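Comments concern the structure below.
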2 protein chains.
Amino acid sequence: MATERPDLAAMLYPLVRELIALELPVLAAHDVSMWGYSVLTALDDTPVRTQAALAEAIGADKSRIIGTLDELQQAGLIERTPDPADRRARLLSITPQGRRVRRTVRKEIQAQEEQVLTSLAPADRKTFVRILQELHDAR
Amino acid sequence: MATERPDLAAMLYPLVRELIALELPVLAAHDVSMWGYSVLTALDDTPVRTQAALAEAIGADKSRIIGTLDELQQAGLIERTPDPADRRARLLSITPQGRRVRRTVRKEIQAQEEQVLTSLAPADRKTFVRILQELHDAR
DNA sequence: CGCAATCATATGCTGGCGCTTACGATAAGC
DNA sequence: GCTTATCGTAAGCGCCAGCATATGATTGCG
């Protein structure tokens with residue numbers, strides 16, 4: 001059958017696992033968890049008004065990320081400020097230190113990612129990333 | 001920063017989750033688990049000589065897939081035959097029924113996948129799949 | 001023949017995740 | 001003022017995966 005190809009998930013899943021496996025030591029070296037890094041990444045883009053909104057934005061469970069937020073706050077990487085307009089909610093923002101950590105981590109992670117893509121021709125590499133970004137932005 | 005892009009994992013992970021979420025009802029409709037489908041896929045390509053080798057080939061835990069193999073065998077989708085050359089081992093193969101089920105499921109899954117990719121231009125779609133396959137084959 | 005290795009199997013432990021419920025504090029709407 | 005909704009928090013439940021250990025049967029090697 002000339003139209004046979006593996007399922008996308010079957011091809012992507014091991015790739016994602018590989019990428020995550022590469023990330024973990026980088027994150028560990030900076031004392032940041034995967035969810036912690038996701039939080040920092042989201043907040044680096046924009047502050048968020050409630051923890052529930054942040055959890056939803058990064059695909060986390062609102063109960064489960066509380067511990068993560070506690071740690072990040074403890075480490076001085078984020079701030080949680082009661083919203084003066086609604087005292088049920090807490091404004092979440094990244095600290096300058098958090099921003100530095102996040103950007104350092106990202107730089108190292110993306111260097112690792114380039115390694116994974118070395119088997120591709122440079123044009124394919126660029127195209128792959130462009131397409132991924134399109135798919136990501138279309139969600 | 002013009003060189004800023006999201007991490008690959010950050011882009012791929014939600015995509016994989018989406019694809020898996022699409023697969024689950026298809027698999028459920030055919031009474032096959034995700035690991036079961038992985039087993040069928042692997043055996044559709046080639047029989048395997050030991051359960052441990054199969055587990056390794058699909059990235060599963062050799063103990064944990066025993067239940068899955070039991071179910072597949074019970075459902076008549078695979079066969080386990082003692083290896084006459086080494087009675088510790090069991091030759092694993094897919095039955096004609098298993099092959100039919102697997103190919104039906106794959107067809108439906110890949111139709112779903114095409115839906116996910118509709119936001120891409122057709123040329124990009126082909127390129128994306130080609131690149132993924134290259135990355136997959138390079139492992 | 002004895003020992004180490006291999007195979008399938010069963011099971012335990014741990015941690016993570018998804019989802020849910022419940023609670024106190026706060027806010028919005030009628 | 002009362003009811004419903006929202007927020008953060010805590011905790012429970014069930015499932016799953018990763019990893020490890022143990023066992024009996026079998027095999028290969030010295």
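Reminder, nothing fancy here: chain letters follow the sequence lines and each chain counts from 1. Model, not experiment: these values are computed from the prediction.
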(message) I need the A:D7 CG to B:Y37 OH distance, nearest 0.5 Å.
(response) 3.5 Å
(request) May I ask you to list the residues of residues 77-93 of chain B, by number, that have any heavy atom positioned under 4.0 Å from an atom of DNA chain D? (result) B:D86, B:R87, B:R88
(request) May I have the distance from B:I66 (atom CD1) to D:dG18 (atom C1'), rounded to whole angstrom? (result) 15 Å
(request) Look at the side-chain N and O atoms of B:Q51 and state whether any lies under 4.0 Å from the OP1 or OP2 oxygen of C:dC7. (result) no
(message) Of the options D:dA17, C:dC19, D:dG8, whose atoms approach the side-chain atoms of A:D61 most closely?
(response) C:dC19
(request) Send over the distance from A:K62 NZ to D:dT9 C1', rounded to a whole Å. (result) 10 Å
(message) Test your reading of the model: is there a side-chain donor-acceptor pair from A:E71 to the backbone of A:S33, 3.5 Å cut-off?
(response) no
(request) Let me know the distance between CD of A:E71 and C1' of C:dG16, rounded to the nearest Å. (result) 14 Å
(message) If I take atom OG1 from residue A:T95 and atom CG from residue A:L72, how far apart are they, to the nearest 0.5 angstrom?
(response) 9.5 Å
(message) If we check side-chain contact (heavy atoms from CB on, under 4.5 Å) with B:I109, which of these qualifies: B:V26, B:L19, B:T104?
(response) B:V26
(request) Output the single nucleotide from C:dC7, D:dC7, D:dG8 whose closest atom is nearest the side chain of B:R49. (result) C:dC7
(request) Evaluate whether atom CD of A:Q97 has more than 12 neighbouring non-hydrogen atoms of other residues, nucleotides or ligands under 6.0 angstrom away. (result) yes
(request) Could you tell me whether a side-chain N or O of A:S38 sits under 3.5 Å from a main-chain N or O of A:M34, the two making a donor and an acceptor? (result) yes
(request) Return the value, rounded to whole Å, for the distance between atom CD1 of B:I65 and atom C1' of D:dG18. (result) 14 Å
(message) Between C1' on C:dC17 and CD1 on A:I58, what's the gap in Å once rounded to a whole number?
(response) 14 Å
(request) Look at the side chain of B:D61 and the backbone N and O of B:R64, then say whether any donor-acceptor pair between them is shorter than 3.5 Å. (result) yes
(message) Keeping A:R99 on the side-chain end and A:D44 on the backbone end, is there a donor-acceptor pair under 3.5 Å?
(response) yes
(request) Apply side chain to side chain contact (heavy atoms under 4.5 Å, CB included) to B:T81 and B:L92, showing your working. (result) CA-CA 7 Å; B:T81 317; B:L92 294 147; over 6 Å; no
(request) Please work out which residues in residues 13-45 of chain A have a non-hydrogen atom less than 4.0 Å from an atom of DNA chain D and list them by number. (result) A:R17
(request) Would you kindly give the CD-to-C1' distance between A:E56 and C:dC19, to the nearest whole Å? (result) 15 Å
